[in-house]
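Note that the structure is a prediction, hence the values are computed from the model and not measured. We use all heavy atoms of the structure for the numbers below, so side chains are in, but hydrogens, waters and symmetry mates are not.
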Amino acid sequence: YNFLLYGRDLVNAEGADPRLVFGFHRLLGQAARLARHFDDARRAYVVAYEIAMKTNDLNAGSGALEGLGLVDMADERLDKADEWLGAAVVLARRSGDANGVWATLQNHAMVRSQRADASAVELYEEALAIPGIPPGQRGIALDNLGTELLRQGRLDEAVAKTQEAVTLLH
């Protein structure tokens, strides 16, 4: 994280490629989140989001919003994380990137699960309904769904989804 801070002035120089600047700030946000420098992570993701919106890159914008959601999850601000991830799902859908929609739905479901919100099941099921998702990713989604069903006390359904996940991941 500290090493990346040295590159901030270089990447923000006038005339720098917006994709490079976006990527740098998204990476800085991830590193700051992992280092538990949540305010720095938020600032980096906001810059990334602004760049994505200036360049009309909905997929990148969704990724930046998802990053903000993950920061707030790590900082145990689950209500705010839910808002960010809901907005990320909307942008991901608008972008048309099936993998982006799948990833944001997974993270949105995860925060809903942490909030003990039963609607997490619907988000996992929506992710599973996306066509063309590779078996490994489907297995992850099924395992996550099984965990949520178990949290809700729906044991038989949880076992069935977990068994289905094992089949795909084996």
Minimum heavy-atom separation for R138 to L128, with atom names?
NH1-O, 2.6 Å
Once rounded to the nearest 0.5 Å, what's the spacing between atom CG of L123 and atom CZ of R112?
5.5 Å
Distance check, rounded to the nearest 0.5 Å: E83 atom CD versus L78 atom CG?
11.5 Å
With R36 via salt bridge (charged side-chain N to carboxylate O under 4.0 Å, His left out) - residues at least two apart:
none
Counting distance only, does the side-chain N/O of Y45 pair as donor-acceptor with the main-chain N or O of Q30 below 3.5 Å?
yes
Closest heavy-atom pair and its distance - G139, A165:
O-CB, 3.3 Å
Might you point out which heavy atoms bring F22 and A64 nearest each other, and give the distance in Å?
CE1-CB, 4.3 Å
Under the side-chain hydrogen bond (donor to acceptor under 3.5 Å, both in side chains) rule, what pairs show up with a residue in residues 158-170, not counting sequence neighbours?
none
Salt bridge (charged side-chain N to carboxylate O under 4.0 Å, His left out) partners for E157, two or more places apart
R154
Under a single-linkage rule joining Ile, Leu, Val, Met, Phe, Trp and Tyr whose side-chain heavy atoms are separated by less than 4.5 Å, which residues share a cluster with V166?
none
At their closest point, which heavy atom of W102 faces which heavy atom of A127, and how far apart are they?
CD1-O, 3.6 Å
Please list every donor-acceptor pair under 3.5 Å in which a side-chain atom of residues 141-150 meets a protein atom from a residue at least two apart or in another chain.
| from | atom 1 | to | atom 2 | distance (Å) |
| --- | --- | --- | --- | --- |
| N144 | ND2 | Q106 | OE1 | 2.7 |
| N144 | ND2 | I140 | O | 3.4 |
| T147 | OG1 | D143 | O | 3.1 |
| E148 | OE1 | S113 | OG | 2.4 |
| E148 | OE1 | R151 | NE | 2.9 |
| E148 | OE2 | R151 | NE | 3.2 |
| E148 | OE2 | R151 | NH2 | 2.6 |
| E148 | OE2 | Q152 | NE2 | 2.7 |

Keeping to residues at least two apart or across chains, list the salt bridge (Lys or Arg N to Asp or Glu O under 4.0 Å) pairs with something in residues 118-129.
R93-E126
Do you reckon Y49 sits in the same ILVMFWY cluster as V101, going by side-chain contacts under 4.5 Å, direct or chained?
no
Shared hydrophobic cluster, L105 / Y124 (ILVMFWY, side-chain heavy atoms < 4.5 Å):
no
Nearest 0.5 angstrom please: M73 CE to M110 CE, how far?
5.5 Å
Set of side chain to side chain contact (heavy atoms under 4.5 Å, CB included) partners for T55, sequence neighbours left out
P18, D57
Say you draw a straight line from CZ of F38 to CG of L68; how long is it, rounded to the nearest 0.5 Å?
13.0 Å
Rounding to 0.5 Å, atoms CD (Q137) and CG (L169) come to a distance of 11.0 Å
Under the side chain to side chain contact (heavy atoms under 4.5 Å, CB included) rule, collect the residues that match up with V90, sequence neighbours excluded.
R94
Enumerate the residue pairs fulfilling salt bridge (Lys or Arg N to Asp or Glu O under 4.0 Å) with a member in residues 20-29, sequence neighbours excluded, ordered by first and then second residue.
none
Which atom pair, heavy atoms only, marks the closest approach of T104 to A88?
CG2-CB, 4.0 Å
Could you pull out all residues at least two apart from R42 that satisfy salt bridge (charged side-chain N to carboxylate O under 4.0 Å, His left out)?
D39, D72, D75
Does V71 belong to the same Ile/Leu/Val/Met/Phe/Trp/Tyr cluster as L65, with side-chain heavy atoms less than 4.5 Å apart forming each link?
yes
So which atom in N107 and which in L85 form the shortest heavy-atom distance, rounded to 0.1 Å?
O-CD1, 3.5 Å
CG-CD1 distance between N99 and I133, expressed to the nearest 0.5 angstrom
4.5 Å
Residues forming a side chain to side chain contact (heavy atoms under 4.5 Å, CB included) with D79, sequence neighbours excluded:
R115
